[in-house]
Amino acid sequence: MVSSILVTGGTGFIGSHTCAALLNAGYDVIVLDNLSNSDSSVIQRLGQICGREPSFIKGDIRDTSLLNTLFQEHSVSAVIHFAGLKAVSESVDKPLMYYQNNVGGTLTLLTAMQLANVKTIIFSSSATVYGDPVSVPITENFPRSCTNPYGASKMMIEDILADLYTTKSNWRIGRLRYFNPVGAHASGLIGENPIGIPNNLMPFITQTAAGLRQEVSIFGNDYDTPDGTGIRDYIHVEDLANGHLAALDYLNQNRELLTVNLGTGQGASVLEMINTFEHSTGCQVPYRVVGRRQGDIAECWADTKLANHLLGWQANRGLEDMCRDAWRWQLRCLRD
Ligand code: NAD
Ligand code: UFG
C-alpha cells in the first residue's frame, strides 16, 4: 500500500495550498475536513491545479471511530494538522467550543495516531503565542503568552506535543508558528473565502476594492511605528505551504521536536499594504482611520534564521505578489 500524508483541515485556506504543494511534489494526500469553514469544491479545484485530486473524507477530528477506521484502511506516513477554529473574537465568546475543537480534537487525533503507530505530525501554531513581544524580530525562544482562548488553545497544543515528544521520543513533531498568511494560489483557483465580515486585513482590502465593503477601517494610526499603523509579517500562502514540505523533509531525516517561525522576516504597515495593493492592482481602496482594535499589538515580525538554516526554506514572494494573487482570487469569487 502506498503511504499518504493525512491533511486535516485540508479544504481550508492554508491546508488547500499545502495539498497543492504536496500533490505537485508527488505525495499521495488524504484530506479530512468537516467543512465547517470550507467547501468541498476545493477538492476538484486541486485536481485542476495538480492533475490529480487528493482523497477526501468529510469528517471531524473529534470522531475517534472515524479516525481509527481511517488509519486502519489507509497507510499514513505523516499528518499535517490544520483543522481548527481560528477567529479570535469568537473564541472569547465561545471558549468551550474552541477548547473542545482545537485542543480536544488534537488529543483525539494524537491518540488515534499513537494507536496506529503513526508518529510524525506537523502542527499549525501561530505567532499569536508570542503575545505582545518585547522586541522585533521575534525568535523562537521568546517567552510565550496569550490573551484569548484561541491563543491559549495554540499554547496548550504546543505543550501537549512537547510532552508527547518527551515521553515518547520516537515521535517526530513540527510546531510551525505562522505569521500573517495572505494571498492565494497563482492559478486563481483556490484562496481564502471568509464567511461573513472578514476579521483580517487582506480579505477586507480585496472585498473593499471589489465594492463589497465601503471602506477599510484602519485600526489606529497612533502606534509607535513609522506611519503610526500596525506592522505585521505578511507571508504568501504558497510560500507558507512550501514551508510544510520543507518541515516534512526535515522531520523525515531528523527525529526531533521542531519549533520554527514561518514568516518573511519583513514587516509591513497597514498603510503600506493598502498602498501596495493599489499600485499592484490599479484598484482604489477607500479607508478611514478609526480607534485601535482591542488586543492588537503595534508590531510583529519573525526572525526567520532558524527556518532558513534548518529547513533550507525561505519565503520568496513579495507584497505585490500577495496583493495581485489575492485580487485575482477575489475576482474569481465574484464570478463564481
Ligand atoms: P481555515 O478555517 O481556512 O481552515 C481550517 C479548516 O479546518 C477548515 O476547512 C475547517 O472546515 C476545518 N476544521 C475545523 N475544525 C475541524 C474539525 N473539528 N474537524 C475537521 N475539520 C475541521 O483556516 P486556515 O487559515 O487555513 O488555518 C489553518 C490552521 O492554521 C488553523 O489551525 C489556524 O489556527 C492556523 N493559523 C492560521 C493563521 C491565519 O492567519 N490564517 C495564522 C496562524 C495559524
Ligand atoms: N487591521 C486593520 N483593519 C482591519 C483589519 C486589520 O487596520 O479591518 C490591522 C490590524 O490592526 C493589524 C493588521 O491590520 O495591525 C493585521 O490584522 P489581521 O487581523 O489581518 O491580523 P492579526 O495580526 O491581528 O492576526 C492574525 C490572525 C491571528 C494570528 C496572527 C498571528 O488573525 O489569528 O495573525 O499569526 F494569531
Side-chain angles (χ1 to χ4, degrees), residues 7-18 31-40 42 57-63 66-67 80-89 91 97-98 100-102 104-106 108-109 123-131 138 146 148 150-151 153-154 157 176-182 190-195 197-205 207-208 213 215-221 223 225 229-235 237 240-241 261-263 267-271 273-274 287-302:
V7 181
T8 74
T11 46
F13 175 44
I14 307 169
S16 59
H17 290 79
T18 303
V31 168
L32 172 66
D33 199 301
N34 66 4
L35 303 181
S36 58
N37 196 37
S38 55
D39 191 293
S40 63
V42 164
I57 298 167
K58 181 176 179 231
D60 200 292
I61 53 164
R62 291 164 293 178
D63 185 338
L66 179 144
L67 287 174
I80 307 186
H81 177 33
F82 295 100
L85 301 173
K86 62 167 183 175
V88 171
S89 57
S91 80
M97 185 171 99
Y98 269 67
Q100 261 166 8
N101 197 78
N102 294 3
T106 302
T108 307
L109 174 66
F123 168 63
S124 302
S125 189
S126 165
T128 196
V129 302
Y130 295 118
I138 301 168
C146 61
N148 56 69
Y150 169 71
S153 77
K154 291 293 175 195
I157 297 167
L176 308 188
R177 294 178 179 159
Y178 311 153
F179 280 66
N180 289 60
V182 296
I190 52 174
E192 182 178 21
N193 205 354
I195 296 163
I197 301 172
N199 292 308
N200 298 117
L201 180 64
M202 182 61 101
F204 217 103
I205 291 177
Q207 291 195 7
T208 304
R213 317 247 159 232
E215 60 188 9
V216 173
S217 298
I218 296 185
F219 297 142
N221 66 352
Y223 284 104
T225 60
T229 67
I231 295 184
R232 297 291 184 275
D233 185 340
Y234 297 95
I235 174 169
V237 64
L240 187 63
N261 290 337
L262 294 184
S269 74
V270 178
L271 276 173
M273 284 303 277
I274 292 177
Y287 66 82
R288 188 161 57 97
V289 176
V290 301
R292 291 182 180 193
R293 181 171 65 178
Q294 205 197 341
D296 268 357
I297 56 175
E299 48 186 7
C300 170
W301 71 87

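In each ligand, atom 1 is the first atom listed, and ligand 1 is the first ligand listed.
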Below 4.0 angstrom from a heavy atom of Ser124, which ligand 1 atoms are there? Numbered from 1 as shown, please.
29 (C), 30 (O), 32 (O), 35 (C)
What protein heavy atom lies closest to atom 4 (O) of ligand 1? Include the residue and the distance to one decimal.
Gly12 CA, 3.4 Å
Atom 7 (O) of ligand 2 [closest protein heavy-atom partner, distance rounded to 0.1 Å]
Phe219 N, 2.9 Å
Could you name the option among Ser153, Gly84, Gly151 that has the heavy atom nearest to atom 14 (C) of ligand 1?
Gly84
CZ on Arg177 to OG on Ser126, rounded to 0.5 Å
9.5 Å
Heavy atom of Tyr150, distance to ligand 2 below 4.0 Å:
yes
Does the side chain of Val290 come within less than 4.5 Å of Phe219's, by heavy atoms?
yes
Minimum-distance protein heavy atom relative to atom 9 (C) of ligand 2:
Val270 CG2, 3.6 Å
Looking at ligand 2, does any of its N/O atoms fall within less than 3.5 Å of an N/O of Phe179?
yes
Nearest 0.5 Å please: distance from the OG atom of Ser91 over to the OH atom of Tyr150.
9.0 Å
For ligand 1, is Asn180 a contact, meaning one of its heavy atoms is under 4.0 Å away?
no
Which option, Val7, Asp33, Ile14, Thr128, owns the non-hydrogen atom nearest atom 9 (O) of ligand 1?
Asp33
At their closest point, which heavy atom of Asn261 faces which heavy atom of Tyr130, and how far apart are they?
OD1-OH, 2.6 Å
Please list, in number order, the atoms of ligand 1 under 4.0 Å from a heavy atom of Arg62.
18 (N)
Counting non-hydrogen protein atoms only, what is the nearest one to atom 16 (C) of ligand 1? Give residue, atom name and distance.
Asn34 ND2, 3.3 Å
Does any N or O of ligand 1 fall below 3.5 Å from an N or O anywhere on Phe179, backbone included?
no
Could you find the nearest protein heavy atom to atom 40 (O) of ligand 1 and give me its residue, atom name and distance?
Pro181 CD, 3.3 Å
With side chains defined as the heavy atoms from C-beta onward, is the minimum distance between Leu240 and His17 less than 4.5 Å?
no
Heavy-atom closest contact (Cys146 atom, Gly151 atom, distance):
CB-C, 3.8 Å
Any heavy-atom pair between the side chains of Leu271 and Tyr287 that's under 4.5 Å?
yes
Ligand 1 contact by Lys154, heavy-atom criterion under 4.0 angstrom:
yes
Could you check atom 12 (C) of ligand 2 against the protein and tell me its nearest heavy-atom contact, residue, atom and distance included?
Arg232 NH2, 3.6 Å
For Met273, which part has a heavy atom under 4.0 Å from ligand 2: side chain, backbone, both, or neither?
neither
Using a heavy-atom cut-off of under 4.0 Å, does the side chain or the backbone of Tyr234 touch ligand 2, or both, or neither?
side chain
Min side-chain heavy-atom separation Val270-Tyr223 under 4.5 Å:
no
Counting only heavy atoms closer than 4.0 Å, does ligand 2 sit against the backbone of Asn199, its side chain, both, or neither?
backbone
Which ligand 2 atoms are under 4.0 Å away from a heavy-atom of Tyr178?
35 (O)
Given side chains that start at C-beta, do those of Cys300 and Ile138 come closer than 4.5 Å, heavy atoms only?
yes
Near Asn180 (heavy-atom distance under 4.0 Å), the atoms of ligand 2 are 21 (O), 22 (P), 23 (O), 26 (C), 34 (O)
The protein heavy atom nearest to atom 34 (O) of ligand 1 is Tyr150 OH, 2.7 Å
Note: Ser124 and Tyr178 closest approach over all heavy atoms is OG-OH, 2.7 Å
The atoms of ligand 1 lying under 4.0 Å from a heavy atom of Ser125, numbered in the order shown, are 43 (C), 44 (C)
Closest non-hydrogen atoms of Ile14 and Pro181, given as atom of the first, atom of the second and distance, are CD1-CG, 3.8 Å
Is it the side chain, the backbone, both or neither of Ser217 that has a heavy atom closer than 4.0 Å to ligand 2?
backbone
Measuring from atom NZ of Lys154 to atom OG1 of Thr128, what distance do you get when rounded to the nearest 0.5 angstrom?
9.5 Å
Minimum-distance protein heavy atom relative to atom 31 (C) of ligand 1:
Phe82 O, 3.2 Å
Could you report the tightest heavy-atom contact between Asn102 and Ser153, atom names first, then the distance?
ND2-OG, 3.2 Å
Whether Phe123 and His81 hold their rings parallel, tilted or perpendicular, with breakpoints at 30° and 60°
tilted
Within 4.0 Å of some non-hydrogen atom of Ala127, the atoms of ligand 2 are 31 (C), 35 (O)
Counting each atom of ligand 2 from 1 as listed, which ones have a heavy atom of Ile218 under 4.0 Å away?
7 (O)
Looking at every heavy atom in both Ile297 and Gly131, which two are closest together, and how far apart are they?
CD1-O, 3.6 Å
Using a strict 4.0 Å cut-off to heavy atoms of Asp60, name the atoms of ligand 1 that fall inside it.
17 (C), 18 (N), 19 (N), 20 (C)
Note the single closest protein heavy atom to atom 3 (O) of ligand 1, along with its residue, its atom name and the distance in Å.
Phe13 N, 2.8 Å
Near Ser126, which atoms of ligand 2 are under 4.0 Å from a heavy atom of that residue?
29 (C), 31 (C), 35 (O), 36 (F)
Does the side chain of Ile61 reach to within under 4.5 Å of the side chain of Thr108, using non-hydrogen atoms?
no
Closer than 4.0 angstrom: is that true for some heavy atom of Gly59 and an atom of ligand 1?
yes
Can you figure out which of Asn200, Asn221, Thr208 has its heavy atom closest to atom 27 (C) of ligand 2?
Asn200
Using a 4.0 Å cutoff against the non-hydrogen atoms of Leu35, which atoms of ligand 1 qualify?
11 (O)
So which protein heavy atom does atom 19 (O) of ligand 2 come closest to, and at what separation?
Arg293 NH2, 2.8 Å
Which atoms of ligand 1 have any heavy atom of Ser36 under 4.0 Å away?
10 (C), 11 (O), 13 (N), 14 (C), 15 (N)
Which is it for Thr8 and ligand 1 at heavy atoms under 4.0 Å: side chain, backbone, both or neither?
neither
What protein heavy atom is closest to atom 25 (O) of ligand 1, reported as residue, atom name and distance in Å?
Lys86 NZ, 2.8 Å
Note the single closest protein heavy atom to atom 15 (N) of ligand 1, along with its residue, its atom name and the distance in Å.
Asn101 ND2, 3.1 Å
A student comparing Ile61, Asn37, Asn199 should find that the heavy atom closest to atom 2 (O) of ligand 1 comes from Asn37
At a 4.0 Å threshold, what atoms of ligand 2 neighbour a non-hydrogen atom of Thr128?
31 (C), 36 (F)
Using heavy atoms and a threshold below 4.0 Å, how should the contact between Leu201 and ligand 2 be classified: side chain, backbone, both, or neither?
both
Identify which one of Thr11, Asp60, Thr8, Ile57 satisfies the side-chain contact (heavy atoms from CB on, under 4.5 Å) criterion when paired with Asp33.
Thr11
Close side-chain approach of Ser269 and Thr225, heavy atoms under 4.5 Å
no
Identity and distance of the protein heavy atom lying nearest atom 11 (O) of ligand 2:
Asp296 OD2, 2.5 Å
